[in-house]
Number of protein chains: 2
Amino acid sequence: MSITHLQSFVAVAEEGHVGRAALRLHITQPPLSRHILALEDELGTPLFERVPKGMRLLPTGEALLQHARRILEEVEVAARTVREAAGASRPPPA
Amino acid sequence: MSITHLQSFVAVAEEGHVGRAALRLHITQPPLSRHILALEDELGTPLFERVPKGMRLLPTGEALLQHARRILEEVEVAARTVREAAGASRPPPA
DNA sequence: CACGGTTACGGGGAACGTAAATATC
DNA sequence: GATATTTACGTTCCCCGTAACCGTG
């Protein structure tokens with residue numbers, strides 16, 4: 001379970017469509033599809049139902065979505081916090 | 001900032017020593033050292049002070065440590081939750 | 001010169017993108 | 001036949017481990 005895979009998962013969950021999510025992430029469909037398959041394989045359960053229009057979240061996927069969003073948010077906050085801590089202790093470059 | 005890098009960071013922070021952290025993670029020192037350097041490069045600031053005995057956390061590192069632990073915990077919870085959700089909906093294999 | 005972290009370097013695996021295949025309507 | 005995902009396949013890139021190097025007590 002990598003951060004990249006979680007980003008991919010959230011994008012597909014929100015778009016309901018691998019193709020559109022791929023455009024949004026600036027990658028092509030196959031690697032993105034593989035990210036989802038890898039997550040499903042790792043967790044041992046499908047996360048989406050494949051419907052003619054695209055991808056629809058299953059209950060397992062709904063559960064993951066909440067955690068994934070929180071994790072990605074935490075990562076953002078962590079990076080920002082460290083940079084702020086660095087800026088606070090380091091004298092301004094002027 | 002990958003999950004692997006965060007795991008490496010926490011191990012080094014807790015051991016205060018790249019060599020011992022590497023043993024704990026079952027990898028060799030060079031890749032582990034590179035994980036730390038990559039994090040420091042990505043965040044634009046050192047996270048450890050290199051002392052003769054090993055690695056000592058800087059304030060920036062202290063800040064990251066809290067977030068890193070939380071993120072890793074969240075990842076654990078996410079995986080467990082999804083597996084539980086899968087088990088609840090899937091009939092027992094007996 | 002012992003100890004600890006880092007850099008050099010080569011090889012194997014991971015992951016991308018193009019193209020082809022599959023499935024559903 | 002159009003749309004959407006997945007698989008095949010070739011190539012590139014990343015990352016590990018071994019070995020060598022650097023800095024400090």
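Residue numbers begin at 1 in each chain, while the letters A, B, ... track the order of the sequences. The shown structure was predicted, so the numbers you read here are calculated from the model rather than taken from an experiment.
Taking atom CG of B/Leu32 as the reference point, atom P of C/dT7 lies 14 Å away to the nearest angstrom. The distance between atom CD1 of B/Ile36 and atom P of C/dT7, rounded to the nearest whole Å, is 13 Å. The distance from atom CG of B/Asp41 to atom P of C/dT6 is 13 Å, rounded to the nearest whole Å. For A/Glu49 and D/dA4, the CD to C1' distance is 14 Å, given to the nearest whole Å. Note: CZ (B/Phe48) to P (C/dT6) measures 10 Å, nearest angstrom. One can place CD of B/Glu40 at 7 Å from P of C/dT6, the figure rounded to the nearest angstrom. In this structure, the CD atom of A/Gln29 is 15 Å from the C1' atom of C/dT22, given to the nearest Å. Atom CG of B/Leu37 and atom P of C/dA8 are 12 Å apart (whole Å).
OP1 or OP2 of D/dT6 lies within a sub-4.0 Å distance of a side-chain N or O belonging to A/Ser33. Residue B/His17 has no polar side-chain atom (N or O) positioned under 4.0 Å from OP1 or OP2 of C/dC3. OP1 or OP2 of D/dC16 sits under 4.0 Å from a side-chain N or O of B/His35. Regarding contacts with the backbone of D/dC16, every side-chain N or O of B/Thr28 stays at 4.0 angstrom or more from both OP1 and OP2.
The heavy-atom pair separating B/Ser8 from B/Leu32 by the smallest distance is CB-CD1, 3.2 Å.
Other residues, nucleotides and ligands place more than 12 heavy atoms under 6.0 Å from the CZ atom of A/Arg24. For B/Gln66, the CD atom is loosely surrounded, since the number of other residues' heavy atoms within 6.0 Å does not exceed 12.
A donor-acceptor contact under 3.5 Å is formed by the side chain of A/Arg34 with the base of C/dG17. One cannot find a donor-acceptor pair under 3.5 Å joining the base of C/dG4 and the side-chain atoms of B/Arg20.
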Residues B/Val12, B/Leu47; criterion side chain to side chain contact (heavy atoms under 4.5 Å, CB included); working and verdict: CA-CA 11 Å; B/Val12 172; B/Leu47 298 168; over 6 Å; no
Side chain to side chain contact (heavy atoms under 4.5 Å, CB included) assessment of B/Thr81 paired with A/His67: CA-CA 9 Å; B/Thr81 302; A/His67 290 282; 3.5 Å; yes
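Considering only side-chain atoms of A/Pro31, the nucleotide from D/dT6, C/dG17, D/dT24 that sits closest is C/dG17.
The residue B/Pro30 sits close to a base: some heavy atom pair falls under 4.0 Å.
Nearest-nucleotide assignment on DNA chain D puts the 5′-proximal partner with A/Val18, out of A/Val18 and B/His26.
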